[in-house]
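Step one of this worksheet: look at the structure below.
Excluded from the calculations below are hydrogen atoms, water molecules and symmetry mates; all remaining heavy atoms, backbone and side chain alike, are included.
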Amino acid sequence: MKRLSIIFVLAMALCLVFAGSAFANFGPHGGYVNDTDACAGCHRAHTSFSTVGWKDGLGTEHASALLVGNATTMTEFCDACHGDTAPGASTNVQSGIFDSGPSAGSPDTAPGGSSTLAAAPGGYPGDGGSAVLQVNTASTFGAPLNGGGFDRMPDPYAWQGTANGGTGPGGVITFVASTSAHKMDVDGPLWGSGATVSSFGGTQGLTCTDCHDPHGSSNYRLLKAKPNPAGPVVGGYQADNVTPNPFVFSNEVGYPVPAAVFNTGNPGGGVAVPGYPAGGWLKHADGAAQVAAYRPNYTNTTGTDLLHTNVTPQTQSISVWCAACHTGYNVASAGTGVVRDYGGYLPLTSTGQTTVGGPGSATFHSHAVDIDMGAGLGATRALAEQVVQDSSWVPLENPGSGTNDFAHSYIGCETCHRAHATSVSMGGWAASHLVKNTTTNVYMPVKDSVPGVDPDKGSYGTPIVNGQGSSALLRANNRGVCERCHDK
């Protein structure tokens, strides 16, 4: 929990500065005009007493980001708006919920954007049991965030099981602790990163701004153009520093999609901007004008907000963006082998948190992504049985063809995984380790007493809190993401 002084000094200051909605590329996060006041919402040129530093494009850490308040980590600073009991943003990533706050905008009657949000009995984290609100978003008040919550989130099973009501006794949302997350401010393994499992985050550990650009981005959800200093550019702007060159798009209402997608009848009603056929967010006043028509959906439970641009060969997608760090996971075929050495993170024997041995350097294989469910799993990857899909649990990416039919949608990283964290559980064969038969040299899975998946178990070398192991950011319990597609 954040210190009271940070909430009082920083969060209340930001509350007073930003009266409008603080959604992606809104408020302090983009659309800056020449005489913007947004800088003052987060920075002080001469009177900053925060100890938080910043990283340049090469990943080099520098002293003092000149931030407002007294935050000691970037996560602490971001949670002043995006955390529990915090005003500012309605996207509470600490508890994984879309809640209310002083940032709620004026009533909106634009198509797809009007929502009357009644206060829930007992309230939600951060809203103080607030009154009815209306916001410029297609999101559902009190619903789980698409990306999950770093500490906890509304129980997705309770939410789906009560027709998107998700309430327990007394009408209060049922929260469950997160069982895996992109852990903030700690060092840990970077899966799929190459020949060896390198660590992420440097001396300060992974932070919010390693993935998101707080000053706006051409990509969906403020995703950075270069999240990995040693990796490729996956977004940004062209040489003129004005024309967007995005990699990740959305089918949300009003999202600036590529002209080619718009012209085929984008179901989200994307805005085709003359002179910018690549789509993505513009800068300055033009970007602010785009935002006026934008209706983000942070709580979609009927599919996905991600738009698949159907580029051949595939070079722009959320999977390509994720692979800037997880370099071995962006494959079009499970037959593609990537050599890496997981060391002790993939143990052969396990006793509690003590791991011994490992397979060493080996050729590993991953589930294909960026493949058309019709062509990819039909004509060229025929299966013995029809593959089915439950969009509430394993959302596919819309191809922007004017329809969202299953047969021509795409598998991406977020089809099976949440971006921030998940609260699902692992047990049975989903909580096991490998044992090598010394006679036959055959590896076999053996159930163990530590919940969670190998490698890692979520410990990073420290004891697991409350016995919870890693759930690998999966969207459903155990291997539910497999069964919901393959229906065996």
What is the distance from atom [atom1] of [X] to atom [atom2] of [Y], rounded to the nearest 0.5 Å?
X: Thr315; Y: Phe247; atom1: OG1; atom2: CZ; answer: 6.0 Å
X: Asp213; Y: Cys208; atom1: CG; atom2: SG; answer: 12.5 Å
X: Asn477; Y: Ser425; atom1: CG; atom2: OG; answer: 3.5 Å
X: Leu282; Y: Gln290; atom1: CG; atom2: CD; answer: 4.0 Å
X: Asp79; Y: Ser95; atom1: CG; atom2: OG; answer: 9.5 Å
X: Lys183; Y: Leu206; atom1: NZ; atom2: CG; answer: 11.5 Å

Main-chain N/O of [Y] paired to [X] side chain as donor or acceptor, under 3.5 Å:
X: His29; Y: Pro214; value: yes
X: His82; Y: Ala89; value: no
X: Asn478; Y: Gly427; value: yes
X: Ser139; Y: Tyr298; value: yes
X: Ser423; Y: Thr179; value: no
X: His284; Y: Gly31; value: no
X: Trp321; Y: Lys224; value: yes
X: Thr299; Y: Thr140; value: yes
X: Ser90; Y: Asp99; value: yes
X: Asn228; Y: Ala324; value: yes

Can you see which heavy atom on [X] is nearest to which on [Y], and at what distance?
X: Ala430; Y: Arg479; value: CB-NH1, 3.7 Å
X: Asp370; Y: Glu397; value: OD1-OE1, 4.5 Å
X: Pro445; Y: Ser432; value: CB-OG, 4.1 Å
X: Cys416; Y: Val481; value: O-CG1, 3.7 Å
X: Ala476; Y: Val424; value: O-CG2, 3.5 Å
X: Ser218; Y: Tyr237; value: N-OH, 3.7 Å

If you define the side chain from C-beta out and look only at heavy atoms, does anything of [X] sit under 4.5 Å from [Y]?
X: Phe364; Y: Tyr329; result: no
X: Val176; Y: Arg152; result: no
X: Met184; Y: Thr73; result: no
X: Gln316; Y: Pro258; result: no
X: Pro156; Y: Trp393; result: yes
X: Val234; Y: Pro227; result: yes
X: His420; Y: His182; result: no
X: Gln94; Y: Phe150; result: no

Criterion side-chain contact (heavy atoms from CB on, under 4.5 Å) on Thr91 and Phe98, from CA distance to verdict: CA-CA 5 Å; Thr91 46; Phe98 187 84; 4.2 Å; yes

Is it the case that [X] and [Y] place a side-chain donor and acceptor less than 3.5 Å from each other?
X: Thr209; Y: Thr207; value: yes
X: Asp305; Y: Asn297; value: no
X: Ser470; Y: Ser180; value: no

Ring geometry between Tyr255 and Tyr294 (parallel below 30°, tilted from 30 to 60°, perpendicular above 60°): perpendicular

His308 and Tyr410 aromatic ring geometry - parallel, tilted or perpendicular at 30°/60° bounds: parallel

Residues forming a side chain to side chain donor-acceptor pair (under 3.5 Å) with Lys283, sequence neighbours excluded: Asn241

Worked verdict on Met426 versus Leu474 for side-chain contact (heavy atoms from CB on, under 4.5 Å): CA-CA 10 Å; Met426 299 290 131; Leu474 291 172; 4.1 Å; yes

side-chain contact (heavy atoms from CB on, under 4.5 Å) between Leu396 and Ile411, worked out: CA-CA 5 Å; Leu396 297 173; Ile411 298 173; 3.9 Å; yes

Test side-chain contact (heavy atoms from CB on, under 4.5 Å) applied to Leu306 and Val248, step by step: CA-CA 8 Å; Leu306 288 168; Val248 190; 3.8 Å; yes

